[in-house]
There are 2 protein chains.
Amino acid sequence: MTRNLTTLPLLCKLFKSVPPEEVEPLIERLGASIKTLRKGEVLFRTGFKADHFAIVLSGVLAVSRYDVNGHRNIVEQVDPMGTAAVALSIAGVERLRVSVEAKEKTEVLLFDVARVLCPGRVPDPVHLRFLRNLTINLAEKAVMLGRKISILSHRTIERRLLTYLHGQSIRNNSLKFEIPFDRQALADFLCVERSALSAEIGKLCKRGVISARKNHFELLKEVDED
Amino acid sequence: MTRNLTTLPLLCKLFKSVPPEEVEPLIERLGASIKTLRKGEVLFRTGFKADHFAIVLSGVLAVSRYDVNGHRNIVEQVDPMGTAAVALSIAGVERLRVSVEAKEKTEVLLFDVARVLCPGRVPDPVHLRFLRNLTINLAEKAVMLGRKISILSHRTIERRLLTYLHGQSIRNNSLKFEIPFDRQALADFLCVERSALSAEIGKLCKRGVISARKNHFELLKEVDED
DNA sequence: TCTATTCCGTTGGAATCACAACATAACCAA
DNA sequence: TTGGTTATGTTGTGATTCCAACGGAATAGA
């Protein structure tokens with residue numbers, strides 16, 4: 001193994017609290033392997049099963065979905081230290097509806113799900129720590145996805161936006177907060193048009209419901225319409 | 001403990017493959033407790049933290065979300081052997097945005113997350129089996145939520161419907177299949193109006209894209225528009 | 001300063017949807 | 001059969017959104 005992996009505990013949530021000197025032995029025991037993908041190379045293919053999951057060490061993975069017409073649509077981008085196909089591989093999905101491929105030359109660390117979950121054996125404490133991190137990671141992902149659904153289940157831009165802002169307000173424990181998106185990214189997240197979003201933000205400001213300057217938002221009054 | 005819990009392995013996915021005679025000892029060791037909720041009683045309250053999760057033994061739980069206006073909106077209903085707040089408690093969400101309450105008199109089995117995850121100790125094999133089930137359960141949930149998002153991220157009823165049907169077709173490995181929804185439930189799932197959905201189904205039939213009779217659907221041609 | 005670029009807001013027309021109201025069909029029970 | 005209930009399809013209108021095109025503001029680089 002040519003790469004220094006002892007920094008993983010600091011950078012990758014799955015290795016949190018794993019002693020640096022235990023990283024390589026753990027990886028060894030799990031039979032994980034480093035694979036280098038050429039640009040455009042497919043790691044997990046639509047229609048097949050993923051019995052591994054990946055941690056990106058360098059480069060970028062793109063998670064794409066093929067719609068009814070067979071057209072590709074990038075769902076998610078996985079940067080270094082991010083993970084790919086964790087839920088899909090653990091859930092044992094038989095026929096993937098997404099494909100995972102390298103946007104550029106990419107190094108990944110591949111884990112065999114069967115060995116990670118190690119059915120039938122009692123894992124050592126370090127392995128156990130890894131498993132716990134995995135579980136917590138999945139729980140956090142489920143919570144995030146649930147929140148996104150609660151936004152997308154609203155039909156108007158106004159409601160989606162207010163639901164999102166309300167959530168951010170709770171998260172920051174304040175009526176004033178900044179969001180991690182510019183307008184285009186926010187529109188993408190809410191699954192609406194950027195221009196229509198801008199227009200809606202303008203209306204809400206004019207009505208005195210919110211105040212918005214660039215990334216900075218403020219909730220001005222409890223919405224009482226409806 | 002007055003209740004017979006030895007049937008749990010057959011009925012509840014979290015206890016799958018746990019030997020029936022090991023159920024009660026495991027529950028004992030985890031310090032899980034049975035709680036009976038009166039109708040309307042709140043189990044997990046919006047704004048607070050859930051450091052337990054629940055398995056419903058009898059009765060029904062309602063997971064509700066309070067929108068920007070404070071109005072309640074039922075997100076999910078948990079029937080017997082279903083679980084509530086698994087992801088939320090494991091993710092350690094500090095301020096819940098949903099509340100969980102009993103729709104009728106309800107018995108739940110409550111698990112303390114800290115003791116289930118048992119940080120710092122190596123669990124016994126039965127406990128380990130339980131943890132694995134928990135992890136797989138979370139992974140399956142994340143996959144389901146991801147699929148729902150892929151549907152809701154489409155903006156038209158037609159696209160949402162076709163995406164859903166396409167997924168069902170893959171799941172059943174056939175162009176002919178039945179769906180587990182009536183029209184109203186399908187509309188709720190797709191987050192659209194029932195009547196508009198009916199109209200759209202009609203159009204797709206007329207255009208020869210699909211065939212639909214009650215629950216039975218068939219994909220007739222690869223959609224090539226766009 | 002000048003220019004190019006990116007980000008953001010605005011506008012108008014076309015497409016789509018929500019909503020309500022009604023029509024039809026299927027089903028069940030009295 | 002009759003009546004009631006539920007599931008589903010149809011229609012029309014108003015509201016909302018998409019989409020494309022444009023203009024202005026802010027920013028960065030030469």
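Each chain gets a letter, A, B and so on, in the order the sequences are listed, and its residues count up from 1. FYI, side chains are in, hydrogens and waters are out, and symmetry mates aren't considered; it's all heavy atoms of this structure.
A salt bridge links R155(A) and E193(B); the closest N-O separation between the charged side-chain nitrogens and carboxylate oxygens is under 4.0 Å. Using a cut-off of 4.0 Å between Lys/Arg side-chain N and Asp/Glu carboxylate O, R207(A) and E158(A) are scored as salt-bridged.
H154(B) pairs in a side-chain contact (heavy atoms from CB on, under 4.5 Å) with only one of the listed residues (L190(B), T163(B), L162(B)), which is T163(B).
In this structure, R213(B) places its CZ atom 16 Å from C1' of dA25(C), rounding to the nearest Å.
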Cut-off 3.5 Å, no hydrogens considered: what does the side-chain donor-acceptor table look like for residues 208-219 of chain A, sequence neighbours left out?
none

* **Footprint string (nucleotides 8-25 of chain D, 5' to 3'): B base within contact, S backbone only, - free, heavy atoms under 4.0 Å** => BBB-----SSSBB-----
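With hydrogens and angles ignored, the 3.5 Å screen pairs a side-chain donor or acceptor of E41(A) with a backbone N or O of R38(A).
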